[in-house]
Amino acid sequence: MFTSTTSVSRLAIAPSQVIRCTLAQSGEAIARIGKNPLVVGGVQSLAVVQPQLQLALEQQQLTTAFAHYSPDCSESTLASLRTKVEQHQAGMIIGVGGGKALDTAKLLAQQCHLPVVTIPTSAATCAGWTALSNIYSEQGAYLYDVPLERCPDLLLLDYSLIQTAPQRTLVAGIGDALAKWYEASVSSGSSQQTFIIGAVQQARVLRDILFQKSLAALQEPGGEDWREVVDATVMLAGVIGGLGGAQCRTVAAHATHNGLTHIPAAHDSLHGEKVAYGILVQLRLEEMLQGNQLAAAARQQLLKFYGEIGLPRSLDDLGLGNITLTELRQAAEITCSPNSDIHRLPFEVTPDHLMAAMVSTKIQEEARKK
(Lines give C-alpha, C1' and ligand atoms only; values in the text may rest on other atoms or scores of the structure.)
Protein backbone atom coordinates (compact mmCIF):
# COMPACT_ATOMS: atom_id res chain seq x y z
CA MET A 1 0.00 0.00 0.00
CA PHE A 2 1.33 3.42 -0.90
CA THR A 3 1.58 5.91 1.94
CA SER A 4 2.76 9.49 1.88
CA THR A 5 3.69 11.96 4.55
CA THR A 6 3.36 14.93 2.21
CA SER A 7 0.44 17.32 2.49
CA VAL A 8 -2.42 17.12 0.03
CA SER A 9 -1.93 19.33 -3.02
CA ARG A 10 -4.36 20.09 -5.81
CA LEU A 11 -3.28 20.76 -9.39
CA ALA A 12 -5.60 22.78 -11.61
CA ILE A 13 -3.76 22.66 -14.92
CA ALA A 14 -6.33 22.98 -17.70
CA PRO A 15 -10.03 23.20 -18.52
CA SER A 16 -11.82 19.86 -18.70
CA GLN A 17 -12.52 20.57 -22.37
CA VAL A 18 -11.30 23.09 -24.92
CA ILE A 19 -13.36 23.38 -28.09
CA ARG A 20 -12.62 25.61 -31.06
CA CYS A 21 -15.93 26.42 -32.72
CA THR A 22 -18.28 29.27 -33.56
CA LEU A 23 -21.00 30.41 -31.19
CA ALA A 24 -23.57 28.93 -33.56
CA GLN A 25 -21.93 25.52 -33.11
CA SER A 26 -21.55 25.76 -29.33
CA GLY A 27 -24.99 24.71 -28.07
CA GLU A 28 -24.48 20.95 -27.87
CA ALA A 29 -21.16 21.24 -26.03
CA ILE A 30 -22.60 23.70 -23.52
CA ALA A 31 -25.71 21.58 -22.96
CA ARG A 32 -23.52 18.70 -21.78
CA ILE A 33 -22.21 20.89 -18.95
CA GLY A 34 -25.54 21.76 -17.30
CA LYS A 35 -29.01 23.29 -17.49
CA ASN A 36 -30.49 26.75 -16.94
CA PRO A 37 -27.35 28.75 -17.76
CA LEU A 38 -26.77 32.21 -16.34
CA VAL A 39 -24.63 34.11 -18.83
CA VAL A 40 -22.40 36.74 -17.18
CA GLY A 41 -20.59 39.44 -19.15
CA GLY A 42 -20.07 43.11 -19.77
CA VAL A 43 -22.63 45.27 -21.53
CA GLN A 44 -20.71 45.45 -24.81
CA SER A 45 -19.73 41.77 -24.88
CA LEU A 46 -23.26 40.56 -24.23
CA ALA A 47 -24.61 42.85 -26.95
CA VAL A 48 -22.26 41.20 -29.45
CA VAL A 49 -22.71 37.63 -28.28
CA GLN A 50 -26.30 37.33 -27.09
CA PRO A 51 -28.14 36.87 -30.42
CA GLN A 52 -26.03 33.92 -31.63
CA LEU A 53 -25.49 32.37 -28.22
CA GLN A 54 -29.15 32.57 -27.21
CA LEU A 55 -30.21 30.88 -30.45
CA ALA A 56 -27.64 28.11 -29.96
CA LEU A 57 -28.87 27.52 -26.40
CA GLU A 58 -32.54 27.62 -27.37
CA GLN A 59 -31.87 24.90 -29.94
CA GLN A 60 -30.80 22.73 -26.99
CA GLN A 61 -33.98 23.62 -25.02
CA LEU A 62 -31.93 25.52 -22.42
CA THR A 63 -33.63 28.28 -20.44
CA THR A 64 -31.09 31.09 -20.34
CA ALA A 65 -30.77 34.33 -18.38
CA PHE A 66 -28.24 37.10 -19.02
CA ALA A 67 -26.62 39.29 -16.36
CA HIS A 68 -24.15 42.16 -16.52
CA TYR A 69 -21.22 42.23 -14.15
CA SER A 70 -20.78 45.72 -12.75
CA PRO A 71 -18.91 47.75 -11.70
CA ASP A 72 -16.02 45.27 -11.72
CA CYS A 73 -15.03 41.81 -10.53
CA SER A 74 -15.78 43.04 -7.04
CA GLU A 75 -17.31 41.63 -3.87
CA SER A 76 -20.49 43.66 -4.39
CA THR A 77 -20.83 42.43 -7.98
CA LEU A 78 -20.48 38.83 -6.88
CA ALA A 79 -23.10 39.28 -4.15
CA SER A 80 -25.56 40.71 -6.68
CA LEU A 81 -24.90 37.89 -9.14
CA ARG A 82 -25.39 35.21 -6.48
CA THR A 83 -28.92 36.57 -6.05
CA LYS A 84 -29.50 36.23 -9.80
CA VAL A 85 -28.24 32.64 -9.70
CA GLU A 86 -30.88 31.86 -7.08
CA GLN A 87 -33.63 33.71 -8.96
CA HIS A 88 -32.89 31.85 -12.19
CA GLN A 89 -32.20 28.55 -10.42
CA ALA A 90 -29.12 28.36 -12.58
CA GLY A 91 -27.46 25.01 -13.20
CA MET A 92 -24.29 26.48 -14.70
CA ILE A 93 -22.51 29.77 -15.32
CA ILE A 94 -21.30 30.97 -18.72
CA GLY A 95 -18.73 33.76 -18.67
CA VAL A 96 -18.49 35.94 -21.78
CA GLY A 97 -15.99 38.76 -22.30
CA GLY A 98 -12.54 39.84 -21.21
CA GLY A 99 -10.51 38.95 -18.15
CA LYS A 100 -12.67 40.62 -15.52
CA ALA A 101 -15.90 39.13 -16.87
CA LEU A 102 -14.37 35.66 -16.98
CA ASP A 103 -12.85 36.02 -13.51
CA THR A 104 -16.27 37.04 -12.21
CA ALA A 105 -17.97 34.06 -13.82
CA LYS A 106 -15.38 31.56 -12.57
CA LEU A 107 -15.49 32.76 -8.97
CA LEU A 108 -19.29 33.02 -9.03
CA ALA A 109 -19.48 29.41 -10.21
CA GLN A 110 -17.19 28.26 -7.41
CA GLN A 111 -19.16 30.16 -4.78
CA CYS A 112 -22.40 28.62 -6.03
CA HIS A 113 -20.92 25.12 -6.60
CA LEU A 114 -21.80 25.18 -10.30
CA PRO A 115 -19.91 24.26 -13.47
CA VAL A 116 -18.61 27.11 -15.61
CA VAL A 117 -18.08 27.71 -19.32
CA THR A 118 -15.76 30.50 -20.48
CA ILE A 119 -16.11 32.26 -23.83
CA PRO A 120 -13.38 34.89 -24.31
CA THR A 121 -14.30 37.75 -26.63
CA SER A 122 -10.71 38.90 -27.02
CA ALA A 123 -7.20 37.48 -26.70
CA ALA A 124 -6.20 40.03 -24.05
CA THR A 125 -5.63 37.52 -21.22
CA CYS A 126 -5.54 33.81 -20.38
CA ALA A 127 -8.43 34.20 -17.91
CA GLY A 128 -10.61 31.81 -19.93
CA TRP A 129 -8.17 29.01 -19.05
CA THR A 130 -6.98 29.58 -15.51
CA ALA A 131 -8.06 28.56 -12.01
CA LEU A 132 -7.64 32.06 -10.64
CA SER A 133 -9.80 35.17 -10.20
CA ASN A 134 -8.63 38.68 -9.36
CA ILE A 135 -10.82 40.82 -7.11
CA TYR A 136 -10.98 44.61 -7.55
CA SER A 137 -12.62 47.42 -5.62
CA GLU A 138 -15.68 49.12 -7.06
CA GLN A 139 -13.30 51.87 -8.17
CA GLY A 140 -11.21 49.39 -10.19
CA ALA A 141 -8.23 49.01 -7.82
CA TYR A 142 -6.72 45.54 -7.48
CA LEU A 143 -7.31 44.03 -4.03
CA TYR A 144 -6.42 40.32 -4.00
CA ASP A 145 -6.60 37.10 -6.01
CA VAL A 146 -8.55 33.93 -5.31
CA PRO A 147 -7.08 30.55 -6.33
CA LEU A 148 -9.93 28.38 -7.62
CA GLU A 149 -10.49 24.68 -7.02
CA ARG A 150 -10.42 23.87 -10.74
CA CYS A 151 -10.11 25.33 -14.20
CA PRO A 152 -13.29 25.91 -16.23
CA ASP A 153 -15.34 22.91 -17.27
CA LEU A 154 -15.35 24.13 -20.85
CA LEU A 155 -13.42 26.80 -22.75
CA LEU A 156 -15.00 27.78 -26.07
CA LEU A 157 -12.63 29.54 -28.45
CA ASP A 158 -14.40 31.25 -31.36
CA TYR A 159 -11.75 32.87 -33.56
CA SER A 160 -14.36 34.83 -35.52
CA LEU A 161 -15.63 36.35 -32.26
CA ILE A 162 -12.13 37.23 -31.06
CA GLN A 163 -11.38 38.84 -34.42
CA THR A 164 -14.16 41.38 -33.80
CA ALA A 165 -12.26 42.77 -30.78
CA PRO A 166 -10.02 45.83 -31.25
CA GLN A 167 -6.47 44.89 -32.27
CA ARG A 168 -5.28 46.68 -29.14
CA THR A 169 -6.66 43.79 -27.06
CA LEU A 170 -4.42 41.25 -28.81
CA VAL A 171 -1.41 43.54 -28.37
CA ALA A 172 -2.24 43.72 -24.65
CA GLY A 173 -2.56 39.93 -24.54
CA ILE A 174 0.92 39.63 -26.04
CA GLY A 175 2.26 41.87 -23.27
CA ASP A 176 0.51 39.87 -20.57
CA ALA A 177 1.75 36.55 -21.98
CA LEU A 178 5.35 37.77 -22.34
CA ALA A 179 5.45 38.33 -18.59
CA LYS A 180 5.25 34.58 -18.05
CA TRP A 181 8.91 34.19 -19.06
CA TYR A 182 10.34 37.25 -17.36
CA GLU A 183 8.55 36.51 -14.09
CA ALA A 184 8.78 32.69 -14.04
CA SER A 185 12.48 32.65 -14.89
CA VAL A 186 13.16 34.87 -11.85
CA SER A 187 10.82 33.22 -9.36
CA SER A 188 11.33 29.60 -10.41
CA GLY A 189 14.27 29.34 -12.80
CA SER A 190 16.34 27.37 -10.27
CA SER A 191 13.53 25.02 -9.19
CA GLN A 192 14.13 21.27 -9.33
CA GLN A 193 10.40 20.42 -9.37
CA THR A 194 9.39 18.68 -12.57
CA PHE A 195 6.24 20.64 -13.34
CA ILE A 196 7.84 23.98 -12.52
CA ILE A 197 10.81 23.18 -14.77
CA GLY A 198 8.27 22.39 -17.49
CA ALA A 199 6.38 25.62 -16.87
CA VAL A 200 9.53 27.76 -17.05
CA GLN A 201 10.61 26.11 -20.29
CA GLN A 202 7.15 26.54 -21.78
CA ALA A 203 7.34 30.21 -20.80
CA ARG A 204 10.54 30.54 -22.81
CA VAL A 205 8.88 28.85 -25.79
CA LEU A 206 5.90 31.20 -25.42
CA ARG A 207 8.20 34.23 -25.45
CA ASP A 208 9.93 33.00 -28.62
CA ILE A 209 6.63 32.34 -30.41
CA LEU A 210 5.46 35.86 -29.60
CA PHE A 211 8.73 37.43 -30.73
CA GLN A 212 8.59 35.50 -34.01
CA LYS A 213 4.92 35.74 -34.93
CA SER A 214 3.32 38.79 -33.30
CA LEU A 215 4.15 41.38 -35.96
CA ALA A 216 2.91 39.15 -38.79
CA ALA A 217 -0.19 38.28 -36.77
CA LEU A 218 -1.11 41.93 -36.29
CA GLN A 219 -0.58 42.64 -39.97
CA GLU A 220 -3.01 39.90 -41.02
CA PRO A 221 -5.87 39.49 -38.51
CA GLY A 222 -7.53 36.11 -38.94
CA GLY A 223 -4.50 34.61 -40.68
CA GLU A 224 -2.45 31.60 -39.62
CA ASP A 225 0.06 33.55 -37.54
CA TRP A 226 -2.79 35.50 -35.94
CA ARG A 227 -4.46 32.26 -34.82
CA GLU A 228 -1.18 30.95 -33.44
CA VAL A 229 -0.68 34.12 -31.41
CA VAL A 230 -4.27 33.95 -30.13
CA ASP A 231 -3.64 30.35 -29.05
CA ALA A 232 -0.47 31.51 -27.32
CA THR A 233 -2.07 34.33 -25.35
CA VAL A 234 -5.35 32.61 -24.46
CA MET A 235 -4.20 29.03 -23.94
CA LEU A 236 -0.43 28.44 -23.79
CA ALA A 237 -0.06 31.24 -21.23
CA GLY A 238 -2.74 29.47 -19.20
CA VAL A 239 -0.91 26.14 -19.43
CA ILE A 240 2.16 27.75 -17.85
CA GLY A 241 0.15 29.10 -14.94
CA GLY A 242 -1.48 25.70 -14.46
CA LEU A 243 1.76 23.72 -14.52
CA GLY A 244 3.75 26.14 -12.38
CA GLY A 245 1.03 27.32 -10.03
CA ALA A 246 1.55 30.21 -7.65
CA GLN A 247 5.31 29.61 -7.53
CA CYS A 248 5.57 30.32 -11.24
CA ARG A 249 2.96 33.00 -11.72
CA THR A 250 3.87 36.59 -10.90
CA VAL A 251 6.78 38.71 -9.73
CA ALA A 252 7.35 42.43 -10.31
CA ALA A 253 5.55 42.87 -13.63
CA HIS A 254 2.13 41.95 -12.28
CA ALA A 255 2.87 43.57 -8.94
CA THR A 256 3.55 46.84 -10.77
CA HIS A 257 0.23 46.43 -12.59
CA ASN A 258 -1.54 45.91 -9.28
CA GLY A 259 -0.09 49.11 -7.83
CA LEU A 260 -0.94 51.15 -10.91
CA THR A 261 -4.62 50.18 -10.70
CA HIS A 262 -4.83 52.39 -7.61
CA ILE A 263 -4.20 55.44 -9.82
CA PRO A 264 -7.52 56.42 -11.48
CA ALA A 265 -5.78 57.65 -14.64
CA ALA A 266 -4.36 54.15 -15.20
CA HIS A 267 -7.82 52.67 -15.73
CA ASP A 268 -7.76 53.80 -19.36
CA SER A 269 -4.98 51.29 -20.12
CA LEU A 270 -5.58 47.55 -20.45
CA HIS A 271 -4.34 44.90 -18.03
CA GLY A 272 -1.73 43.58 -20.44
CA GLU A 273 -0.48 47.07 -21.25
CA LYS A 274 0.25 47.74 -17.59
CA VAL A 275 1.84 44.30 -17.20
CA ALA A 276 4.04 44.86 -20.27
CA TYR A 277 5.27 48.12 -18.77
CA GLY A 278 5.78 46.22 -15.52
CA ILE A 279 8.18 43.83 -17.27
CA LEU A 280 10.36 46.82 -18.17
CA VAL A 281 10.20 48.00 -14.57
CA GLN A 282 11.27 44.56 -13.32
CA LEU A 283 14.23 44.44 -15.71
CA ARG A 284 15.21 47.98 -14.77
CA LEU A 285 15.21 46.97 -11.08
CA GLU A 286 17.50 44.05 -11.92
CA GLU A 287 19.86 46.46 -13.69
CA MET A 288 19.82 49.08 -10.96
CA LEU A 289 20.04 46.85 -7.89
CA GLN A 290 22.06 43.91 -9.20
CA GLY A 291 24.04 45.43 -12.05
CA ASN A 292 22.49 42.72 -14.24
CA GLN A 293 23.62 43.33 -17.82
CA LEU A 294 21.48 40.48 -19.17
CA ALA A 295 18.45 42.30 -17.80
CA ALA A 296 19.67 45.48 -19.49
CA ALA A 297 19.99 43.67 -22.83
CA ALA A 298 16.56 42.06 -22.41
CA ARG A 299 15.00 45.46 -21.70
CA GLN A 300 16.53 46.92 -24.86
CA GLN A 301 15.20 43.98 -26.87
CA LEU A 302 11.72 44.52 -25.42
CA LEU A 303 11.79 48.28 -26.05
CA LYS A 304 12.39 47.58 -29.75
CA PHE A 305 9.70 44.89 -29.86
CA TYR A 306 7.19 47.05 -27.99
CA GLY A 307 7.81 49.87 -30.45
CA GLU A 308 7.03 47.55 -33.36
CA ILE A 309 3.71 46.25 -32.03
CA GLY A 310 2.50 49.20 -29.94
CA LEU A 311 3.05 48.26 -26.29
CA PRO A 312 3.78 51.04 -23.75
CA ARG A 313 7.42 51.70 -22.92
CA SER A 314 7.00 54.42 -20.31
CA LEU A 315 4.55 56.10 -17.97
CA ASP A 316 3.89 58.61 -20.75
CA ASP A 317 2.84 55.79 -23.08
CA LEU A 318 0.38 54.62 -20.42
CA GLY A 319 -1.16 58.09 -20.25
CA LEU A 320 0.42 58.64 -16.84
CA GLY A 321 2.97 61.29 -17.73
CA ASN A 322 1.12 63.93 -15.70
CA ILE A 323 0.42 62.01 -12.51
CA THR A 324 1.62 63.60 -9.30
CA LEU A 325 4.57 62.42 -7.25
CA THR A 326 2.08 61.57 -4.51
CA GLU A 327 0.15 59.28 -6.84
CA LEU A 328 3.32 57.58 -8.05
CA ARG A 329 4.49 57.01 -4.47
CA GLN A 330 1.10 55.59 -3.51
CA ALA A 331 1.32 53.09 -6.37
CA ALA A 332 4.91 52.22 -5.42
CA GLU A 333 4.03 51.69 -1.76
CA ILE A 334 1.12 49.43 -2.65
CA THR A 335 3.33 47.48 -5.06
CA CYS A 336 5.89 47.02 -2.27
CA SER A 337 3.39 46.05 0.43
CA PRO A 338 4.50 43.08 2.58
CA ASN A 339 2.43 40.46 0.75
CA SER A 340 3.27 41.70 -2.74
CA ASP A 341 4.66 39.32 -5.36
CA ILE A 342 7.43 41.85 -6.03
CA HIS A 343 9.23 40.28 -3.08
CA ARG A 344 9.77 37.15 -5.16
CA LEU A 345 12.69 39.09 -6.64
CA PRO A 346 16.01 37.85 -5.20
CA PHE A 347 16.80 41.25 -3.70
CA GLU A 348 15.04 43.85 -1.58
CA VAL A 349 12.94 46.48 -3.35
CA THR A 350 11.78 49.65 -1.60
CA PRO A 351 9.23 52.19 -2.87
CA ASP A 352 12.11 54.56 -3.67
CA HIS A 353 13.82 51.89 -5.77
CA LEU A 354 10.57 51.18 -7.56
CA MET A 355 9.80 54.82 -8.29
CA ALA A 356 13.27 55.27 -9.77
CA ALA A 357 12.74 52.24 -12.02
CA MET A 358 9.25 53.33 -13.07
CA VAL A 359 10.43 56.69 -14.39
CA SER A 360 13.47 55.29 -16.21
CA THR A 361 12.23 52.33 -18.24
CA LYS A 362 13.42 53.97 -21.49
CA ILE A 363 16.81 55.17 -20.20
CA GLN A 364 19.76 54.17 -22.42
CA GLU A 365 17.48 53.92 -25.47
CA GLU A 366 16.84 57.64 -25.28
CA ALA A 367 20.52 58.31 -24.53
CA ARG A 368 21.56 56.56 -27.74
CA LYS A 369 19.21 58.73 -29.78
CA LYS A 370 20.88 61.93 -28.62
Side-chain angles (χ1 to χ4, degrees), residues 174-193 196-197 199-212 237 240 244 246-260 272-309 311-318 328 331-338 340-370:
I174 293 167
D176 192 32
L178 278 173
K180 291 289 188 288
W181 164 250
Y182 295 96
E183 294 187 299
S185 60
V186 169
S187 69
S188 306
S190 61
S191 175
Q192 297 302 306
Q193 296 181 45
I196 293 179
I197 292 171
V200 172
Q201 292 306 310
Q202 286 298 321
R204 179 182 54 79
V205 170
L206 173 60
R207 177 204 63 184
D208 292 347
I209 289 171
L210 295 175
F211 278 165
Q212 294 163 10
I240 294 160
Q247 288 179 261
C248 197
R249 186 175 291 134
T250 61
V251 187
H254 277 82
T256 298
H257 159 276
N258 296 342
L260 288 174
E273 292 171 337
K274 291 191 280 287
V275 170
Y277 164 76
I279 301 171
L280 299 178
V281 172
Q282 176 176 311
L283 292 170
R284 183 73 182 124
L285 286 168
E286 293 178 61
E287 290 175 66
M288 291 167 45
L289 301 180
Q290 286 190 309
N292 188 331
Q293 292 307 303
L294 289 176
R299 186 171 56 82
Q300 293 305 314
Q301 180 185 35
L302 282 180
L303 286 169
K304 181 177 183 295
F305 179 68
Y306 284 12
E308 291 172 346
I309 69 169
L311 281 169
R313 298 180 289 177
S314 66
L315 286 170
D316 282 339
D317 292 343
L318 282 172
L328 185 62
E333 289 178 348
I334 290 170
T335 303
C336 294
S337 60
S340 171
D341 288 324
I342 200 168
H343 301 302
R344 294 181 185 272
L345 288 170
F347 48 84
E348 182 182 359
V349 179
T350 68
D352 285 340
H353 293 147
L354 184 59
M355 291 173 68
M358 291 171 76
V359 300
S360 63
T361 52
K362 289 176 70 175
I363 197 169
Q364 291 179 0
E365 180 200 57
E366 292 175 343
R368 282 204 303 267
K369 292 178 180 177
K370 293 180 180 178

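Every side-chain hydrogen bond (donor to acceptor under 3.5 Å, both in side chains) that S360 has, sequence neighbours left out, goes to R284. Listed by chain and residue number, nothing satisfies the ring-ring contact (aromatic ring centres under 6.0 Å, His included) test with F347 (two or more places apart in sequence, or in another chain). Shown here are the side chain to side chain contact (heavy atoms under 4.5 Å, CB included) partners of S340, two or more places apart in sequence or in another chain: A255, S337, I342, H343. Every residue meeting the side chain to side chain contact (heavy atoms under 4.5 Å, CB included) condition with N292, not counting sequence neighbours, appears here in chain and number order: E286, Q290, L294, A295. A276 pairs by the side chain to side chain contact (heavy atoms under 4.5 Å, CB included) definition with Y306, L311, not counting sequence neighbours. Scanning for salt bridge (charged side-chain N to carboxylate O under 4.0 Å, His left out) contacts around E308 gives K304, with sequence neighbours left out. By the side-chain hydrogen bond (donor to acceptor under 3.5 Å, both in side chains) test, Q201 pairs with R204, sequence neighbours left out. Taking D352 as the reference, R329 meet the side-chain hydrogen bond (donor to acceptor under 3.5 Å, both in side chains) condition, with sequence neighbours excluded. Partners of V205 according to the side chain to side chain contact (heavy atoms under 4.5 Å, CB included) rule, which considers only residues two or more places apart in sequence or in another chain, are I209. Taking R344 as the reference, D341 meet the salt bridge (charged side-chain N to carboxylate O under 4.0 Å, His left out) condition, with sequence neighbours excluded. Residues satisfying the side-chain hydrogen bond (donor to acceptor under 3.5 Å, both in side chains) criterion with T335, sequence neighbours excluded, are absent altogether.
Every pair tested for salt bridge (charged side-chain N to carboxylate O under 4.0 Å, His left out) that includes a residue from residues 176-192 fails, sequence neighbours excluded, so the list is empty.
Rounded to the nearest 0.5 angstrom, S187 OG and I196 CD1 are separated by 8.0 Å. The CZ atom of R207 sits 13.0 Å away from atom CD of Q202, with the distance rounded to the nearest 0.5 Å. Interatomic distance, CD of E273 versus CD1 of I174, reported as 11.5 Å (0.5 Å rounding). Here the OH-OG1 distance, from Y277 to T361, works out to 5.0 Å after rounding to the nearest 0.5 Å. From M355, atom CE reaches atom CG of L328 across 4.5 Å, with rounding to the nearest 0.5 Å.
Side-chain contact between L260 and M358 is present, with at least one heavy-atom pair separated by less than 4.5 Å. C336 places none of its side-chain heavy atoms less than 4.5 Å from the side chain of T350. For the pair L285 and L354, the minimum side-chain heavy-atom distance is below 4.5 Å.
Here the closest heavy-atom approach between residue G175 and residue I279 is recorded as O-CD1, 3.8 Å. Listed here is the closest heavy atom pair of A177 and A237: CB-CB, 4.2 Å. When all heavy atoms of K362 and R313 are compared, the pair lying nearest together is CG-O, 3.1 Å.
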_One pair to check against side chain to side chain contact (heavy atoms under 4.5 Å, CB included): L283 and Y182. What are the steps and the verdict?_
CA-CA 8 Å; L283 292 170; Y182 295 96; 4.2 Å; yes

*Going through the checks in order, is the side chain to side chain contact (heavy atoms under 4.5 Å, CB included) test met by L178 and L302?*
CA-CA 10 Å; L178 278 173; L302 282 180; 4.3 Å; yes

*Stepwise side chain to side chain contact (heavy atoms under 4.5 Å, CB included) check, N258 with I334*: CA-CA 8 Å; N258 296 342; I334 290 170; 5.9 Å; no

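Judged by distance alone, with hydrogens and angles left aside, the side-chain atoms of Q282 form a donor-acceptor pair with the main-chain N or O of A252 at under 3.5 Å.
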